There are 2 protein chains.
Amino acid sequence: MVASAATVDGVFRALSDPTRRDVIARLTRRPASVSALAEPFDMALPSLMQHLGVLESSGLVRSTKTGRVRTYRLVPKRLQVAEHWLAAQRDLWERRMDQFESFANSMESEQ
Amino acid sequence: MVASAATVDGVFRALSDPTRRDVIARLTRRPASVSALAEPFDMALPSLMQHLGVLESSGLVRSTKTGRVRTYRLVPKRLQVAEHWLAAQRDLWERRMDQFESFANSMESEQ
DNA sequence: GATATACTAAGGTTTTTACCTTAGTGAGTG
DNA sequence: CACTCACTAAGGTAAAAACCTTAGTATATC
């Protein structure tokens with residue numbers, strides 16, 4: 001389950017904006033309509049909708065329209081794309097630290 | 001240990017580019033000079049250096065110069081800024097699932 | 001059926017990004 | 001001390017991002 005570079009790009013890019021992270025954080029709690037999501041921001045509605053577009057095209061969020069209300073919900077699986085990439089780096093880093101430690105230990109035991 | 005929005009922005013932004021993620025991945029293994037980092041890319045050196053600048057100003061990476069060689073190394077702690085944000089979302093999401101489950105269970109037991 | 005509500009479409013501006021080229025500078029090397 | 005090597009400085013271009021305003025278009029509601 002290795003996400004393509006473009007997918008990872010999109011996810012990290014989407015998360016690099018504080019407005020969008022705030023939207024994600026709120027959708028983590030519950031689904032919400034466009035206007036509910038827009039309410040706390042001092043921003044024109046179309047601007048916020050652009051952010052929603054970025055989130056949706058990154059796959060972090062999905063929306064459906066019922067009547068005149070469009071409801072957004074989180075796609076938690078998509079957050080894993082970022083989590084996995086970070087976990088892979090951590091793993092490598094820890095291996096490196098282990099190597100370094102065993103090297104340091106072998107130096108010590110040779111004295 | 002809550003990172004400021006600007007800090008989180010910078011980290012996610014830095015990770016949103018495949019060239020920069022590749023640099024990070026390589027620095028996770030070992031420190032490297034500018035030219036070593038640039039070598040695999042089909043990109044003019046100054047362009048790659050711009051990426052290194054972005055990484056360094058996000059705090060994900062640190063550099064020191066010895067003689068004419070500048071060496072870059074990872075700052076693994078900075079990756080945690082992203083990990084922590086994601087973990088917080090996962091935590092909230094899981095709480096929500098728990099609530100949903102206990103709600104579903106209580107519905108069931110009322111039948 | 002008029003009015004309000006919840007988006008959506010279109011298009012404009014400013015800033016930032018991601019590249020480039022060309023031209024240095026300072027540190028090693030023969 | 002000329003030359004190469006590893007960066008660095010400066011500045012230029014094209015595309016994308018993040019806002020905005022203004023003007024729709026469907027649903028609901030009275």
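Everything numeric here is computed off the predicted structure, so don't read it as measured data. Here is the naming used below: chain letters follow the sequence lines, and residue numbers restart at 1 for every chain.
- Across the protein-nucleic acid pair, B:Asp9 atom CG and D:dA17 atom P stand 15 Å apart, rounded to whole Å.
- Protein chain A contacts DNA chain C over a range whose 5' and 3' limits, counting nucleotides with an atom under 4.0 angstrom from a non-hydrogen atom, are C:dA4 to C:dA9.
- Sorted by first and then second residue, the pairs that involve residues 5-17 of chain B and meet salt bridge (Lys or Arg N to Asp or Glu O under 4.0 Å), not counting sequence neighbours, are A:Arg21-B:Asp9.
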Would you tabulate the side-chain donor-acceptor contacts of residues 37-51 of chain A under 3.5 Å, counting partners in other chains and residues two or more places apart, or write 'none'?
residue: A:His51; atom: ND1; partner: A:Arg20; partner atom: NH1; Å: 3.2

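- Across all non-hydrogen atoms, the minimal contact from B:Val11 to B:Ser58 is CG2-O, 4.0 Å.
- Here A:Thr19 lies out of heavy-atom contact (under 4.0 Å) with every strand.
- Contact detail for B:Ala3 and B:Val81: the closest heavy-atom pair is CB-CG1, 3.9 Å.
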The test is side-chain contact (heavy atoms from CB on, under 4.5 Å); show your working for A:Gln89 and A:Leu92 and say whether it passes.
CA-CA 5 Å; A:Gln89 304 318 309; A:Leu92 284 167; 4.2 Å; yes
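- The distance from atom CZ of B:Phe12 to atom P of D:dA17 is 18 Å, rounded to the nearest whole Å.
- Of the two residues near DNA chain D, A:Asp17 and A:Val69, the one whose nearest nucleotide lies more 5' is A:Asp17.
- Under the 4.5 Å side-chain criterion, counting only non-hydrogen atoms from C-beta, B:Leu15 is in contact with B:Leu60.
- Among residue pairs with one or both ends in residues 71-88 of chain A, those qualifying as salt bridge (Lys or Arg N to Asp or Glu O under 4.0 Å) are A:Glu83-B:Arg90; sequence neighbours excluded.
- Atom CG of B:Asp91 is separated from atom CG of B:Leu86 by 12.5 Å, given to the nearest 0.5 angstrom.
- Considering every non-hydrogen atom in both A:Trp93 and B:Thr28, the closest pair reads N-CG2, 3.4 Å.
- Near-neighbour residues of DNA chain D inside residues 41-51 of chain A, defined by a heavy atom below 4.0 Å, number-ordered: A:Met43, A:Ala44, A:Pro46, A:Ser47, A:Gln50, A:His51.
- Classified by interplanar angle (parallel below 30°, tilted 30° to 60°, perpendicular above 60°), the ring pair A:Phe12/B:Phe12 is tilted.
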Using a cutoff of under 3.5 Å, can you pull out all pairs of nitrogen or oxygen atoms linking the protein to nucleotides 1-5 of chain D, with atom names and distances?
residue: D:dC5; atom: O4'; partner: B:Arg68; partner atom: NH1; Å: 3.3
residue: D:dC5; atom: O2; partner: B:Arg68; partner atom: NH1; Å: 2.7

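- Here the side chains of B:Val23 and B:Leu55 are in contact, with some heavy-atom distance below 4.5 Å.
- Proximity of B:Arg13 to the phosphate of D:dA18: no side-chain N or O atom is located under 4.0 Å from OP1 or OP2.
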